[in-house]
There are 2 protein chains.
Amino acid sequence: MATTYRDIKADLLHQITQGQLPPGSTLPNEVELAATYGCARATVNRAMRELADDGFIERRRKAGSRVRDAPVRQARFTIPVTRQEVADLGATYSYALVSRDVAPAPDRLRARLGLAAQDHLLHLVCMHYADGAPYQYENRWINLSATPDAAHFDFAQSGPNEWLIAQVPFTDVQISFHAVPADATLAAHLDCAAGDALFQVERTTRLDRQAVTFVQLSYRPGHRMTTQY
Amino acid sequence: MATTYRDIKADLLHQITQGQLPPGSTLPNEVELAATYGCARATVNRAMRELADDGFIERRRKAGSRVRDAPVRQARFTIPVTRQEVADLGATYSYALVSRDVAPAPDRLRARLGLAAQDHLLHLVCMHYADGAPYQYENRWINLSATPDAAHFDFAQSGPNEWLIAQVPFTDVQISFHAVPADATLAAHLDCAAGDALFQVERTTRLDRQAVTFVQLSYRPGHRMTTQY
DNA sequence: AACGCCATTATATCCAGACAAATGTGCCAG
DNA sequence: CTGGCACATTTGTCTGGATATAATGGCGTT
């Protein structure tokens with residue numbers, strides 16, 4: 001009988017979801033579990049550590065491991081590259097650069113990104129299409145103080161997202177999801193009516209506190225962002 | 001010099017974010033790294049496994065470990081209980097049950113949840129308020145075949161979310177985020193105009209393939225869901 | 001009664017070695 | 001040239017042991 005950490009994890013999880021180990025109860029300690037499963041303590045440790053990572057149990061030295069009252073389950077989702085996202089739909093991806101200019105940061109962005117007054121931003125507006133139909137409107141600002149190379153790259157052929165991912169390291173990301181009514185500009189580009197409800201993602205990317213880029217992605221009406229765990 | 005798996009993880013991560021290990025490059029294998037860091041292979045293994053879990057590298061037996069092209073950086077966020085979500089805003093939470101009835105599953109839900117024709121659902125509509133103003137409209141169906149106890153609980157005082165979390169185990173969750181225009185019902189409950197863009201979350205919860213509950217949460221206009229990593 | 005110190009205990013991490021599983025690579029036969 | 005098989009390499013996991021670290025609960029002192 002091979003007892004793997006997966007077996008132990010599955011067994012404990014089963015006991016939790018079936019109610020033999022109700023919320024709040026304390027699990028046996030690692031030594032006891034190792035004895036009952038007939039394996040090394042490290043194996044039990046890995047199983048329990050993963051259960052803790054997954055939010056099912058809470059572990060404290062000396063106090064032992066308790067089943068969480070409310071599983072603090074976390075959804076994880078991947079931040080897709082639009083080209084890939086469209087390809088995964090089985091559609092043909094195409095891209096267009098709408099506008100490009102360099103300007104000092106508008107006040108609201110300065111505040112949001114924590115930029116100095118003299119910092120200049122590269123402002124790009126791009127469209128992404130799926131099978132020729134508008135898919136996503138990308139409104140992006142790139143901090144030229146953090147990424148001077150971006151000024152010399154012409155984003156006519158491919159989107160800034162792909163370039164940035166390949167060229168610029170980052171450490172922190174902040175994301176916001178929300179719904180907005182389409183304004184005239186969005187309506188024109190996404191081929192929808194003004195006032196239509198659009199799903200929007202805003203993302204700020206930083207490298208060690210310094211803002212690298214801020215992007216606002218507006219999706220065509222009806223877009224759904226889905227995740228599973 | 002104590003080399004912990006955290007040190008190794010931090011060092012490798014630093015090399016990745018600083019560009020010494022560009023996307024697509026191959027990392028040294030575990031044995032080599034163990035030698036350079038002067039520690040056991042298990043320690044290197046743990047560091048690299050966590051980097052892989054976090055989406056920074058990709059590991060394949062025999063092929064080695066590669067830095068991911070597009071860091072499949074995953075946003076993790078917690079699924080909040082509305083009461084807590086409102087409290088975190090510094091607002092006073094209140095709750096009201098709008099309607100409650102038991103009925104066979106409508107076709108679209110049957111398909112979505114994989115229910116049999118004879119399965120009955122408890123349908124609850126609830127409102128959540130922050131400082132007395134509408135915050136969230138909750139439209140929930142509970143599978144009474146999976147959770148018969150729900151039929152005997154009166155949700156007049158507190159929301160089904162809190163009850164379900166405490167009473168019903170689950171294993172799988174599927175979430176969708178999107179934007180919808182407010183219909184007449186939503187507009188009335190959320191105190192906004194019909195057609196306003198609303199952020200909506202749909203969540204299906206299962207226990208071992210069997211659907212437990214499906215909920216549609218519609219937030220007041222302007223709501224933002226934010227995460228950071 | 002309040003406070004702080006310390007032994008106890010459970011988890012956290014590490015080590016060195018071993019075997020298992022997967023999967024590129026290259027050789028060989030057809 | 002092609003398909004398939006053996007092999008080498010790399011990661012995946014387990015063992016059984018060790019030390020480190022944190023937290024609790026009791027004990028003694030003030």
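Below, all heavy atoms of this structure are taken into account, side chains as well, without hydrogens, waters or symmetry copies. Naming convention: chains lettered A, B, ... in sequence-line order (proteins, then strands); numbering from 1 in each chain.
In this model, no side-chain donor or acceptor of B:Arg61 finds a partner on the base of D:dT10 within 3.5 Å.
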- Message: Evaluate B:Asp54 against B:Lys9 for salt bridge (Lys or Arg N to Asp or Glu O under 4.0 Å), listing each step before the verdict.
- Response: CA-CA 11 Å; B:Asp54 293 349; B:Lys9 186 179 173 184; 3.1 Å; yes

- Query: Can you check side chain to side chain donor-acceptor pair (under 3.5 Å) on A:Tyr37 and A:Asp11, steps first, answer last?
  - Reply: CA-CA 10 Å; A:Tyr37 287 110; A:Asp11 185 55; 2.4 Å; yes

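Here chain B contacts DNA chain C (any atom closer than 4.0 Å to a heavy atom, that is under 4.0 Å), and the contacts span C:dT13 to C:dG24 from 5' to 3'.
Here the side chain of A:Thr213 pairs a donor or acceptor atom with the backbone of A:Trp141 at under 3.5 angstrom. With A:Thr147 contributing its side chain and A:Ala150 its backbone, the two residues share no donor-acceptor pair below 3.5 Å.
Each of A:Tyr5 and B:Pro28 has a nearest nucleotide on DNA chain D; the 5'-most of these lies closest to B:Pro28.
Spacing between atom CZ of A:Arg59 and atom C1' of D:dA23 amounts to 15 Å, rounded to whole angstrom units. Remark: C1' of D:dT13 and CZ of A:Arg49 are 12 Å apart, rounded to the nearest angstrom. If you measure from atom CD of B:Glu50 to atom P of D:dG12, you get 13 Å, rounded to the nearest angstrom. In this structure, CZ of B:Arg6 is placed 12 Å from C1' of D:dT21, rounded to the nearest angstrom. What separates CG of A:Asn29 from C1' of D:dA23 is a distance of 15 Å, to the nearest Å. Rounded to whole Å, atom C1' of D:dT13 lies 15 Å from atom NZ of A:Lys9. Remark: C1' of D:dT10 and CZ of B:Arg66 are 15 Å apart, rounded to the nearest angstrom.
Side-chain contact of A:Thr204 with A:Gln174: a donor-acceptor pair under 3.5 Å is absent, judged by distance alone. Using modelled atom types and a 3.5 Å distance limit, the side chains of B:Ser176 and B:Glu202 yield no donor-acceptor pair.
Out of D:dT24, D:dT21, D:dT15, the shortest distance to the side chain of A:Cys39 is found at D:dT15.
Taking the six-membered ring for Trp and the full ring otherwise, the centers of A:His223 and A:Tyr135 sit less than 6.0 Å from each other.
Partners of B:Ser25 according to the side chain to side chain contact (heavy atoms under 4.5 Å, CB included) rule, which considers only residues two or more places apart in sequence or in another chain, are B:Leu21, B:Pro22, B:Val67. The side chain to side chain contact (heavy atoms under 4.5 Å, CB included) test applied to A:Arg100 returns A:Leu97, A:Leu122, A:Leu124, A:Phe155, not counting sequence neighbours.
Evaluation of the side chain to side chain donor-acceptor pair (under 3.5 Å) test over residues 122-132 of chain A, restricted to residues two or more places apart or in two chains, returns A:Thr92-A:Asp131, A:Tyr93-A:His128, A:His123-A:Asn139, A:His128-A:Glu138.
Electrostatic pairing of A:Glu30 and A:Arg59 counts as a salt bridge here, judged by a charged N lying under 4.0 Å from a carboxylate O.
Against DNA chain D, the stretch residues 40-48 of chain B makes heavy-atom approaches under 4.0 Å through B:Arg41, B:Asn45.
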Please list each protein N or O that sits under 3.5 Å from an N or O in nucleotides 5-8 of chain D, with the distance.
none

